[in-house]
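Here's the structure we're looking at; comments come further down.
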Amino acid sequence: MNDDTRLSQLADLWRERDPVPDGLVGRMQAVARAEVDLLATDWDHELLELVERSTELAGARGTSTSLTLRYTGVDLDVLVRVGPSTDAPRIDGWVVPPLPMVVRPLHPDGSAAGAPATVGEEGRFVLADLRPGLVRLALEPTDPQHASFVTPTFEI
């Protein structure tokens with residue numbers, strides 16, 4: 001038995017035991033398209049980079065999980081916690097250093113995904129009553145001296 005045969009058998013085994021989830025390819029293509037579309041806009045912004053992602057149990061005896069994402073840019077860190085909800089997901093976020101800004105949830109096509117939130121003095125913001133699906137956050141400082149920021153798309 002040669003290496004090509006072994007690799008082919010291994011690939012067959014993985015396809016059988018761990019198939020690609022339904023819809024994954026389409027969702028990933030949509031995210032990639034959205035990233036390309038965003039780069040084609042004339043926005044003057046900095047794309048924040050995802051540096052950490054974790055899930056944890058929510059509540060003392062909860063079986064649902066919350067998602068925590070940490071994004072970083074040259075002069076800004078953003079921590080985002082997507083909390084589980086039976087009706088509508090909620091995003092709690094923190095901006096470091098705290099800057100006066102507006103946070104807008106956007107669909108991948110750039111349309112509004114919910115009401116904007118204002119970052120408080122401590123750097124905290126809350127986006128409530130969102131719909132499950134793909135979203136990205138546009139962070140727009142009120143001071144024109146600071147550049148706008150946007151997160152890559154993530155799923156809530």
**Study point:** Over 12 foreign heavy atoms within 6.0 Å of CG, D3
**Key:** no
**Study point:** side-chain hydrogen bond (donor to acceptor under 3.5 Å, both in side chains): pairs with one or both residues in residues 110-127, sequence neighbours excluded
**Key:** D92-R124, D109-S111
Practice item. Identify the two heavy atoms, one from A117 and one from V126, that lie closest to each other, and give their separation to 0.1 Å. Key: CB-O, 3.2 Å
Check your understanding: For residues 139-150, which residue pairs qualify under salt bridge (charged side-chain N to carboxylate O under 4.0 Å, His left out), counting only residues two or more places apart or in two chains?
Key -> R104-E140
Point to revise | Heavy-atom pair with the smallest gap, counting every atom of A147 and P141 | key: O-CG, 3.3 Å
Check your understanding: Should V119 and L99 be marked as a side-chain contact (heavy atoms from CB on, under 4.5 Å) after you check the CA-CA gap, both sets of side-chain angles, and the distance that decides it?
Key -> CA-CA 7 Å; V119 174; L99 293 172; over 6 Å; no
Point to revise | Heavy-atom side-chain proximity of V135 to T153 below 4.5 angstrom | key: no
Review point. So which heavy atom on P116 is nearest to which on V102, and how close?
Key: CB-CG1, 3.8 Å
Exercise for review: Nearest 0.5 Å please: distance from the CG atom of D129 over to the CZ atom of R90.
Suggested key: 9.5 Å
Exercise for review: Would you indicate whether the side-chain heavy atoms of T151 and V80 approach each other to under 4.5 Å?
Suggested key: no
Check your understanding: Considering all heavy atoms of both residues, which atom of L106 and which atom of A138 are nearest to each other, and what is their separation?
Key -> CD1-CB, 3.7 Å
Practice item. Would you check if L79 and T68 make a side-chain contact, meaning some heavy-atom pair closer than 4.5 Å? Key: yes
Practice item. Check whether any side-chain heavy atom of V150 lies under 4.5 Å from a side-chain heavy atom of R136, and answer yes or no. Key: yes
Exercise for review: Give the minimum heavy-atom separation between P105 and A115, together with the two atoms involved.
Suggested key: CD-O, 3.7 Å
Practice item. May I ask you to test the L76-V95 pair for a side-chain heavy-atom distance under 4.5 Å? Key: yes
Exercise for review: State, yes or no, whether a side-chain contact exists between F149 and V78 at a heavy-atom distance under 4.5 Å.
Suggested key: no
Exercise for review: Consider only side-chain heavy atoms of I, L, V, M, F, W and Y, link residues closer than 4.5 Å, and tell whether V103 and L130 are in one cluster.
Suggested key: yes
Practice item. Go through F125 and M101 one step at a time and tell me if the side-chain contact (heavy atoms from CB on, under 4.5 Å) criterion holds. Key: CA-CA 10 Å; F125 64 90; M101 63 175 59; over 6 Å; no
Review point. Heavy-atom distance under 4.5 Å between the side chains of W14 and P19, does that happen here?
Key: no
Point to revise | For D22, all residues meeting side chain to side chain donor-acceptor pair (under 3.5 Å), sequence neighbours excluded | key: none
Practice item. Please lay out, stage by stage, how I91 and F154 fare under the test side-chain contact (heavy atoms from CB on, under 4.5 Å). Key: CA-CA 12 Å; I91 294 177; F154 58 95; 4.1 Å; yes
